[in-house]
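Heads up: the structure comes next, in structure tokens.
Reckoned from all heavy atoms, side chains included, excluding hydrogens, waters and symmetry mates. Order of appearance sets the numbers: ligands from 1, and atoms from 1 within every ligand. Because the structure is predicted, anything quoted here is derived from the model rather than measured.
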Amino acid sequence: MPAETRLFLCRSDNYGVLLRDPDSGATAAIDAPEVAPIEAALKATGWKLTDILVTHHHADHTDGIQALKDKYKCRVVAPAAEASKIPAVDETVREGDRVHVGSLEAQVIETPGHTAGHISYFLPADKLAFVGDTLFSIGCGRVIEGNPEMMWNSLLKLRALPDDTRMFCGHEYTMANIAFAKTIEPGNATLAAREQEAKRLVAENKPTIPTFMGEEKAANPFLRADVPALAQSLGLAGKPAWQVFAEIRERKNRF
Ligand SMILES: [Zn+2]
């Protein structure tokens, strides 16, 4: 049976997600930004927490881990390169490893840049991806511990996922990201359509994620640094894509 998900806000603009295998009842939290909303989601669904899959070590993704571990005795899976910075880790994973939540299988994709050991989880059978703070809807994470070339290569790995993959990211930043993206590609029709859709969702008090990979490829400027017309419009024709990416990221930092 297909995986079930439940998305909910945590803290100010973080997203928590529960991922459930209907066959076994196994349920994973993707990151643990805050205990109370995660427990509220568990209560509302009646799901039983068995696992926490961590994307990276930042406190707004890990603050809830210890308390949930103490209460539910759940397994904590975390990126090997950041395990020492994450509480209560049971298992560490690297590129290409498989993580099971009941009968669901997720592939580990190393996506460093935002942090040096950031990972994403991709479920091929369900075409679901949990990408933490690497890719946002119409945006990407700040390059904090890595460098732009590293981040660009991580985004290329995510861009290679099927177009109909549903992307779950760690924050609700979509409207601000769209405002910036319009300064990079003002004539992008997919972006304009996405803005209308996101406005409607926000007006209805609904999340703007998950988003589809195909739509991100068409409208997210951070995934489009190798589009020649985009590079040219930034005065960077012929430059390596990661340099174009670095320029877009710099402009966003100043926006
Ligand atoms: Zn982060």
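In the model, Asn253 has a side-chain atom that pairs as donor or acceptor with a side-chain atom of Arg249 under 3.5 Å. With hydrogens and angles left out, the side-chain atoms of His114 and Thr134 include no donor and acceptor closer than 3.5 Å. Side chains of Thr190 and Glu215: no donor on one and acceptor on the other come within 3.5 Å. With hydrogens and angles left out, the side-chain atoms of Thr111 and Ser120 include a donor and acceptor closer than 3.5 Å. Side-chain contact of Asp70 with Gln66: a donor-acceptor pair under 3.5 Å is present, judged by distance alone.
Interatomic distance, His118 NE2 to Ile144 CD1, rounded to the nearest 0.5 Å: 10.0 Å.
The number of protein N/O/S atoms found under 2.8 Å from the Zn ion (ligand 1) is 4.
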